[in-house]
Amino acid sequence: VATGEAVVLEPTVIAAVQDDGRYPLHLVLSDRLSVLLEDVLAQADLVGEGGELVLDGEGRCEVSTGIGLFDHMLELMAYHARMDLRLEARGDLEVDQHHTVEDVGLCLGKCLKEALGEKEGIERYGWVILPMDEALCRVSLDLSGRPHLSYQLDLPARLVSDFDPTCLREFLQAFVNEAGMSLHVRGLSGENPHHVMEAAFKGMQWQLVTGLVFLAGLCFRPDLSLC
């Protein structure tokens, strides 16, 4: 598909492909679906086999970033936000995890923004205080169109499983910059860094569900049985 070319997908959905020279090409559909068509990040070779983000999905997730714990967190993101996510990232992990994690955040944020379109009729705001065993995290967000991250998590500067926790802030900053949202993440307690990160991820995705709800007509709330 050529840049700027109009394409038709079944069932008869027409969208324009845009390419700003840095991020993967996106195809945005009217049913809040964003498809990653190809990679233009030469230095990271991100999304090598393409990907897809469906906001109104069933929580299905197929991700491969080369970082096991990060894959786990992205799976939690899809499951608890009831989004369908398919993504493959091949980054320069021989250097460090920063580029891969940040680039995934950039792409997912861009997908979210484009799949939302004009954001007509959505709730917009969401907040939660969410526990994960001994860890407790407060997450608030506003799908305002204005990017801002307030981040207060006490995480060690060492690997947790195979993930560098210092990259979590970079992921969230990249995500909110491209999505155009205000996100506040604060750890209230917690000793196990895995639990702290999981509480933050789950809290963010539950509040994405709240913020994406349509105010009129078809309203969706999280199914407590999924917890």
Side-chain angles (χ1 to χ4, degrees), residues 51 53-55 57-87 89 97-98 100-112 125-143 147-179 181-212 222-224 226-227:
L53 175 67
V54 181
L55 300 188
E58 299 178 358
R60 295 190 295 259
C61 184
E62 297 178 21
V63 297
S64 176
T65 66
I67 309 168
L69 186 57
F70 188 43
D71 289 352
H72 175 59
M73 295 298 171
L74 293 174
E75 290 166 357
L76 292 174
M77 165 183 158
Y79 183 78
H80 286 276
R82 297 297 295 274
M83 298 177 182
D84 293 340
L85 174 62
R86 181 172 57 85
L87 174 71
Q97 299 180 2
H98 182 280
T100 300
V101 173
E102 183 180 35
D103 289 343
V104 168
L106 289 168
C107 289
L108 290 180
K110 193 172 184 70
C111 276
L112 176 64
Y125 299 99
W127 69 273
V128 69
I129 298 178
L130 190 139
M132 175 63 189
D133 294 345
E134 89 294 344
L136 191 66
C137 199
R138 185 176 70 198
V139 181
S140 306
L141 64 82
D142 174 14
L143 295 168
H148 173 79
L149 174 66
S150 178
Y151 177 94
Q152 296 181 30
L153 292 180
D154 186 13
L155 295 170
R158 57 174 173 80
L159 289 181
V160 177
S161 184
D162 64 343
F163 181 66
D164 178 359
T166 63
C167 291
L168 178 56
R169 180 172 191 150
E170 304 306 320
F171 169 79
L172 295 177
Q173 187 69 69
F175 183 74
V176 302
N177 284 350
E178 290 300 319
M181 71 165 66
S182 176
L183 178 65
H184 294 252
V185 180
R186 176 174 295 185
L188 303 179
S189 64
E191 299 176 359
N192 186 319
H194 184 139
H195 294 167
V196 173
M197 289 189 291
E198 191 161 328
F201 257 87
K202 287 180 176 178
M204 183 178 72
Q205 303 318 319
W206 268 69
Q207 294 325 296
L208 272 178
V209 171
T210 303
L212 293 171
D223 183 351
L224 296 180
L226 295 177
C227 300

Can you find a pair of side-chain heavy atoms, one from Leu108 and one from Leu74, that are under 4.5 Å apart? yes
Are Phe171 and Val104 side-chain neighbours, meaning at least one heavy-atom pair lies under 4.5 Å? yes
Could you tell me whether Glu170 atom CD has more than 12 heavy atoms of other residues or ligands within 6.0 Å of it? yes
Distance check, rounded to the nearest 0.5 Å: Met73 atom CE versus Leu69 atom CG? 4.5 Å
Please check if the side chain of Asp162 supplies one atom and the backbone of Gly68 the other of a donor-acceptor pair under 3.5 Å. yes
Shortest non-hydrogen separation from Glu102 to Ala174 and the atoms involved: O-CB, 3.4 Å
Atom CE of Met77 and atom CD of Glu75: how far apart are they, to the nearest 0.5 Å? 12.0 Å
Atom pair CG/SG of Asp71 and Cys61 - distance to nearest 0.5 Å: 8.0 Å
For Ser150 and His184, the nearest pair of non-hydrogen atoms, with its separation, is CB-ND1, 3.2 Å
Decide yes or no on side chain to side chain contact (heavy atoms under 4.5 Å, CB included) for Phe163 and Val101, but give the supporting numbers first. CA-CA 10 Å; Phe163 181 66; Val101 173; 3.9 Å; yes
With a 4.5 Å heavy-atom cut-off, do Pro193 and Pro156 have their side chains touching? yes
Going through the distances and angles, do Thr166 and Leu155 end up as a side chain to side chain contact (heavy atoms under 4.5 Å, CB included)? CA-CA 7 Å; Thr166 63; Leu155 295 170; over 6 Å; no
Return the set of residues passing ring-ring contact (aromatic ring centres under 6.0 Å, His included) with His195 (not counting sequence neighbours), or none when no residue passes. none
From Phe175 CZ over to Leu112 CG, what is the distance, rounded to the nearest 0.5 angstrom? 5.0 Å
Is any side-chain heavy atom of Leu168 closer than 4.5 Å to one of Met197? yes
Run the ring-ring contact (aromatic ring centres under 6.0 Å, His included) test against His98 and tell me which residues pass, sequence neighbours left out. none
Just by distance, do the side chain of Glu178 and the backbone of Cys111 share a donor-acceptor pair under 3.5 Å? no
How close do Arg158 and Pro165 get, counting heavy atoms only, and between which atoms? O-CD, 2.9 Å
Working to the nearest 0.5 Å, report the span between CG of Asp142 and CG of Leu183. 10.5 Å
Shortest non-hydrogen contact between Arg169 and Leu149, atoms and distance: O-CD2, 3.9 Å
CA sep, side-chain torsions, deciding dist, call: Leu87, Glu62, side chain to side chain contact (heavy atoms under 4.5 Å, CB included): CA-CA 6 Å; Leu87 174 71; Glu62 297 178 21; over 6 Å; no
Indicate yes or no for a side-chain donor-acceptor contact from Asn192 to the backbone of His194 under 3.5 Å, with no hydrogens or angles considered. yes
Stepwise side chain to side chain contact (heavy atoms under 4.5 Å, CB included) check, Met83 with Leu85: CA-CA 6 Å; Met83 298 177 182; Leu85 174 62; 5.6 Å; no
Answer yes or no: is there a side-chain heavy-atom contact under 4.5 Å between Met181 and Pro147? no
Restricting to non-hydrogen atoms, name the atom on Ala78 and the atom on Arg60 that form the minimum distance, rounded to 0.1 Å. CB-O, 4.0 Å
Going from CG on Leu141 to CH2 on Trp127, what distance comes out if it is rounded to the nearest 0.5 angstrom? 12.5 Å
Are the side chain of Glu134 and the backbone of Glu191 linked by a donor-acceptor contact shorter than 3.5 Å? yes
Checking side chain to side chain contact (heavy atoms under 4.5 Å, CB included) between Cys137 and each of Leu153, Leu188, Val128, Val196, which is the one that passes? Leu153
Can you confirm whether Asp154 is buried at CG, in the sense that more than 12 heavy atoms of other residues, nucleotides or ligands lie under 6.0 Å from that atom? no
